Amino acid sequence: MDYLHIVTQMLMLFGVVLTGFAATRRGLWDPALNRKMSVFVLNVSAPCLILSSVMGEGLVFEPEEIMQLMLVSVLNHALLIGGAYFFSGLRPMGAERRGLLRFMLTFGNVTFIGFPVVCAIFGPRSVFYASVLTIPFNVLIFTVGIIFVTGSGRLREAFRPRLLFSPCVVAALAAVVIALFKWQPPAPVAGWFHLVGDMTVPSALLIIGSTLNGIPIRDVLSGRFVYTMAAIRLLLMPLIILTVFRLLGLDSFVTNVAVMLSAMPVGVNGVMFCLQYGRDERLMAQGIFLTTLLSVVTIPLIALALC
């Protein structure tokens with residue numbers, strides 16, 4: 001297992017976050033750009049990234065394999081959402097903070113960090129599994145995830161037509177169809193989706209860095225709330241999912257990839273949702289930064305538990 005490669009990937013991501021922080025500090029990046037960039041990412045580059053995950057040479061999906069992986073993914077996210085509701089109800093807090101906590105516990109950085117990490121740990125074959133396992137994730141984060149961030153807490157509202165037809169949800173559903181029918185677009189078309197989709201990762205990380213610029217370093221690394229959330233998000237939830245999957249006797253390789261994806265730090269979409277819906281983006285950025293920092297240690301620990 002290449003732990004050095006895992007740490008290197010995490011440090012690279014931190015480098016982009018620090019670039020956004022430094023650029024804002026030096027006046028090279030206007031904080032007002034964060035909201036506009038978030039709208040662009042959520043409506044243009046992120047949908048392209050989702051579609052590009054099923055486009056490319058060698059990405060051949062068998063229907064039975066896809067259905068098995070999606071069932072595992074649905075079960076995985078059911079456990080995450082259930083855990084988020086359980087742990088967020090253990091102590092009194094405001095509706096907005098409870099909603100942000102539920103988002104942070106449910107939705108990890110499965111695409112930006114998860115793909116390179118599972119590839120480093122389990123090999124290139126795992127990227128195929130990860131790309132299918134994240135299809136339900138892409139639907140849930142842009143429906144249930146938005147409900148968590150807005151603070152209503154009513155899951156039935158997540159499936160309103162306005163949210164179901166958001167660009168990223170449409171892209172996720174289109175990705176399912178493309179995978180099931182094994183359709184591959186012409187190389188220039190697939191290349192365009194990959195090129196635009198690849199803008200999502202650096203853009204999101206730059207936004208996080210810029211958002212952190214207004215928060216004192218002491219505040220970023222302090223607060224019982226975010227440390228408790230980080231322990232649940234990075235260690236407790238993945239171990240619970242691992243235990244349930246092994247008790248159910250699911251395929252070990254699928255289980256390992258799914259558990260590792262569930263051990264990722266908080267998803268960067270959270271900051272963009274907070275900016276779009278006027279929620280506490282500083283708390284979300286703090287959670288993303290801290291969990292990404294701590295994941296340099298916790299991801300190898302979870303990998304050891306899978307052995």
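What you see is a predicted model; the values in this text were computed from it and never measured.
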Do F273 and F148 make the cut of ring centroids closer than 6.0 angstrom?
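Aromatic pair excluded; centres sit 6.0 Å or further apart.
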Testing the basics here: between [X] and [Y], what is the closest heavy-atom pair and its distance to 0.1 Å?
| X | Y | result |
| --- | --- | --- |
| L51 | A171 | CD2-O, 3.5 Å |
| I232 | P238 | O-CD, 4.1 Å |
| M55 | Q184 | CA-OE1, 3.6 Å |
| M260 | I302 | CE-CG2, 3.9 Å |
| L100 | L283 | CD1-CD2, 4.0 Å |
| V41 | P47 | O-CD, 3.8 Å |

Hey, could you give me the [atom1]/[atom2] distance between [X] and [Y], rounded to the nearest 0.5 Å?
| X | Y | atom1 | atom2 | answer |
| --- | --- | --- | --- | --- |
| S52 | D198 | OG | CG | 6.5 Å |
| N76 | T134 | CG | OG1 | 11.5 Å |
| L301 | L294 | CG | CG | 11.0 Å |
| Y227 | Q286 | OH | CD | 8.5 Å |
| R91 | L101 | CZ | CG | 9.0 Å |
| M237 | T106 | CE | OG1 | 6.5 Å |

Is a side-chain N or O of [X] found less than 3.5 angstrom from the main chain of [Y], in a donor-acceptor match?
| X | Y | value |
| --- | --- | --- |
| E96 | D280 | yes |
| D30 | L33 | no |
| H77 | V72 | no |
| S295 | T292 | yes |
| S73 | L133 | yes |
| R102 | G145 | no |

Test of understanding: clusters of I, L, V, M, F, W, Y form through side-chain heavy atoms closer than 4.5 Å, transitively. Do [X] and [Y] belong to the same one?
| X | Y | answer |
| --- | --- | --- |
| L195 | M199 | no |
| L140 | L71 | no |
| L236 | M264 | yes |
| I288 | L18 | no |
| L247 | V259 | no |

Show the numbers, then the answer: is there a side-chain contact (heavy atoms from CB on, under 4.5 Å) between M104 and M284?
CA-CA 8 Å; M104 289 188 275; M284 184 67 75; 3.6 Å; yes
Could you check V271 against S38 for side-chain contact (heavy atoms from CB on, under 4.5 Å), going step by step and ending with a plain yes or no?
CA-CA 8 Å; V271 165; S38 297; 5.7 Å; no
Report yes if the side chains of [X] and [Y] come closer than 4.5 Å at any heavy-atom pair, otherwise no.
| X | Y | value |
| --- | --- | --- |
| T291 | M229 | yes |
| V266 | N109 | no |
| R97 | F225 | yes |
| L75 | F245 | yes |
| L80 | I241 | yes |
| L205 | T19 | no |
| F107 | N269 | no |
| I240 | L79 | no |

Under the side-chain contact (heavy atoms from CB on, under 4.5 Å) criterion, do F103 and V144 qualify, and how do the steps go?
CA-CA 9 Å; F103 181 94; V144 176; over 6 Å; no
Side chains of S88 and R98: is there a donor and an acceptor less than 3.5 Å apart?
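No, R98 and S88 have no side-chain donor paired with an acceptor closer than 3.5 Å.
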Please lay out, stage by stage, how F21 and S210 fare under the test side-chain contact (heavy atoms from CB on, under 4.5 Å).
CA-CA 5 Å; F21 179 88; S210 177; over 6 Å; no
